[in-house]
Amino acid sequence: MACIIRKLIVSIVLFATLAGAALAYWSYGLAHQPLQISDPDTLFEVERGMHMKSVIRKMRQQHMLQGEVELVYFASRVWSQPQQLQAGVYAIQPGMSLTELWSLFASGDQHKFQITLVEGQTLAQWLEQLNGHQYLEPMSEAAWQQLEQRLKPQQWPSLEGALAPDTYSFYAGSKAETIIEMAFLVQQKWLENAWTQRSERLPLQDPYELLIMASIIEKETGMKAERELVSSVFVNRLHAGMRLQSDPTTIYGIENFDGNLTRAHLRELTPYNTYRIDGLPPTPIAMPSAASLYAAAQPAVSPFYYFVADGSGGHVFSETLEQHNRAVNRYQRGISN
């Protein structure tokens, strides 16, 4: 009888051992199975307060993994050390397993987003882009007003032109104000350097006027090789007491501009219509790049007072009004001279 009992105990132990080994093998396979992800840009948000089981539910809803929630949870607990999951948005790579996933979520190594603020756009366009980003915390109107008053020098009417065009990195949930502050500090550094290196013949009174001039240059040409020449035209005009006659400044002063600049617009007296006012407009008209700031500070020495678009992205520069009119006829009106 004792022999039978011993055999029974051995059988039970052997069965339990085999069952345990099978369970371990099965759970190991489940915990190390690759997630159902093929897109290398897949993002997943661990919300504040989420734990393993709630993450598994969410991932199954998004078709990122297979298996029953309780079974996947069991396998995860067996093969992954229970750790506090850090809230945030994470980039999940193809081939990543559950165990690697839990390590990632516990590390807090979140995905870094990027936003590119393009030169030549206005402050209003940048604010719309920042406030509309899915992973940036937008600003209220009151928050924006407080930020603007804190950042801008007292004598500046606004922050138009005062932010540096660049690509900025941030984590999900960052405040839009943080990026604006970074862009402001970078632009102030660029502006200070450009002003320090300005030409002696520059007819500008202070760095703010340089910022205004740079914004006009930014809007007038997209060709790097032309910036200093465009700058020279405006400098020559200021020295000669001529008006700037810049279309982009005039357009900036038109409310709800529809894309069609008319003669009526050019006759209208606004603070930005440089066909009607002397000197510079009262503020920048866009966000200038560092290249435009340095072009404004160091214009080329040229005999030119006019330029017109040549239809291929560049411009034709002229010394006299007669030469300019011929260029306008040829490139704008298609009339051969």
Side-chain angles (χ1 to χ4, degrees), residues 39 41-50 58 62 86-92 108-191 208 211-212 214-216 218-219 222 248-249 251-259 270-272 281-293:
D39 186 352
D41 298 319
T42 299
L43 299 177
F44 183 85
E45 182 175 4
V46 177
E47 300 165 37
R48 195 170 301 279
M50 289 185 87
K58 184 176 179 180
Q62 296 181 5
Q86 304 296 316
V89 175
Y90 297 85
I92 303 176
D109 185 15
Q110 299 181 46
H111 175 69
K112 222 169 193 180
F113 292 91
Q114 291 187 326
I115 188 167
T116 299
L117 302 176
V118 180
E119 63 269 14
Q121 292 188 341
T122 63
L123 176 62
Q125 289 173 310
W126 279 18
L127 292 179
E128 182 179 4
Q129 182 182 356
L130 289 167
N131 285 329
H133 196 286
Q134 180 182 357
Y135 292 105
L136 274 175
E137 184 179 324
M139 291 175 291
S140 65
E141 182 62 30
W144 163 247
Q145 291 178 358
Q146 291 175 2
L147 178 66
E148 185 176 43
Q149 290 303 314
R150 178 166 60 83
L151 290 181
K152 75 179 182 67
Q154 188 173 2
Q155 67 274 22
W156 291 17
S158 74
L159 286 181
E160 186 70 88
L163 309 179
D166 207 343
T167 297
Y168 296 91
S169 300
F170 63 93
Y171 293 110
S174 297
K175 294 184 177 181
E177 290 100 307
T178 304
I179 293 177
I180 291 174
E181 289 189 63
M182 287 191 293
F184 177 78
L185 292 175
V186 172
Q187 189 77 314
Q188 295 315 293
K189 183 177 180 180
W190 289 352
L191 179 59
Y208 191 62
L211 193 64
I212 295 172
S215 74
I216 300 172
E218 190 70 61
K219 294 296 290 184
T249 65
I251 291 170
Y252 185 85
I254 300 172
E255 189 174 354
N256 299 320
F257 180 64
D258 64 3
T270 75
Y272 292 90
T283 71
I285 60 171
M287 301 296 181
S289 61
S292 289
L293 283 168

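One-based numbering along the sequence shown. Only a predicted model underlies this, so the values are computations on that prediction, with no experimental measurement involved.
The backbone N or O of A87 lies less than 3.5 Å from no partner atom in the side chain of E47, so there is not a single donor-acceptor pair.
Here F184 pairs with nothing under the ring pair (Phe, Tyr, Trp, His ring centres under 6.0 Å) rule; sequence neighbours left out. Taking the ring pair (Phe, Tyr, Trp, His ring centres under 6.0 Å) definition, one finds that Y90 meets it with F105, sequence neighbours left out. Judged as a ring pair (Phe, Tyr, Trp, His ring centres under 6.0 Å), and not counting sequence neighbours, Y171 has no contacts. By the side-chain contact (heavy atoms from CB on, under 4.5 Å) test, D258 pairs with N260, sequence neighbours left out.
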**Item:** Worked verdict on E45 versus K58 for side-chain contact (heavy atoms from CB on, under 4.5 Å)
**Value:** CA-CA 10 Å; E45 182 175 4; K58 184 176 179 180; 4.0 Å; yes
**Request:** Take M287 and L123 through the side-chain contact (heavy atoms from CB on, under 4.5 Å) test and state the conclusion after the steps.
**Result:** CA-CA 7 Å; M287 301 296 181; L123 176 62; 3.7 Å; yes
**Request:** Could you walk me through whether Y208 and L191 pass the side-chain contact (heavy atoms from CB on, under 4.5 Å) test, one step at a time?
**Result:** CA-CA 9 Å; Y208 191 62; L191 179 59; over 6 Å; no
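In the model, E119 has no side-chain atom that pairs as donor or acceptor with a side-chain atom of S292 under 3.5 Å.
Closest of all the heavy-atom pairs between T249 and P281 is CG2-CG, 4.1 Å. Residues Q110 and G88 come closest through the heavy atom pair OE1-CA, 3.4 Å. When all heavy atoms of P271 and P282 are compared, the closest pair comes out as O-CD, 3.1 Å. In plain terms, the two heavy atoms of P288 and L211 that are nearest each other are CG-CD1, 4.0 Å. For the residue pair G120 and A286, the shortest heavy atom distance occurs at O-CB, 3.5 Å. The minimum heavy-atom distance between T270 and G253, with the atom names listed, is CG2-O, 4.3 Å.
One distance of note links CD1 of I285 with CD1 of I251; it measures 8.5 Å at 0.5 Å rounding. Separating the CG atom in L159 from the CG atom in L151 is a distance of 6.0 Å, to the nearest 0.5 Å. Between the CD1 atom of I92 and the NE2 atom of H111 there is a distance of 11.5 Å, given to the nearest 0.5 Å. If you take CD on E148 and CG on L127, they are separated by 8.5 Å, rounding to the nearest 0.5 Å. Distance check, rounded to the nearest 0.5 Å: CD of Q114 to OG of S169 gives 4.0 Å. With rounding to the nearest 0.5 angstrom, the CD atom of Q187 is 5.0 Å from the CG atom of L293.
Side-chain atoms of L117 and P165, non-hydrogen and from C-beta on, never get closer than 4.5 Å to each other. No side-chain heavy atom of M50 sits less than 4.5 Å from a side-chain heavy atom of R48. Using a 4.5 Å cut-off on side-chain heavy atoms (C-beta onward), V46 and Q86 make no contact. Taking the side chain as every heavy atom from C-beta outward, L130 and Y168 never approach each other to under 4.5 Å. With a 4.5 Å cut-off on side-chain heavy atoms, F170 and T178 do not count as touching. Residues S174 and I179 have side chains not in contact (no heavy-atom distance under 4.5 Å, counting atoms from C-beta outward). Counting only heavy atoms from C-beta outward, the side chains of D166 and T116 never approach each other to under 4.5 Å. Under the 4.5 Å side-chain criterion, counting only non-hydrogen atoms from C-beta, L163 is in contact with W126.
Counted within 6.0 Å of NZ on K175, heavy atoms from surrounding residues, nucleotides or ligands total 12 or fewer; the atom is thus considered open. Taking a 6.0 Å sphere around CD of E128, one finds it holds 12 or fewer heavy atoms contributed by other residues, nucleotides or ligands.
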Under 3.5 Å, side-chain donor or acceptor atoms of residues 134-147 against the rest of the protein: list the pairs with distances, not counting sequence neighbours.
unit_1, atom_1, unit_2, atom_2, d
S140, OG, A143, N, 3.0
E141, OE2, Q145, NE2, 3.2

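For the side-chain hydrogen bond (donor to acceptor under 3.5 Å, both in side chains) condition, the pairs that include at least one residue of residues 149-160, sequence neighbours left out, are R150-E181, E160-Y252.
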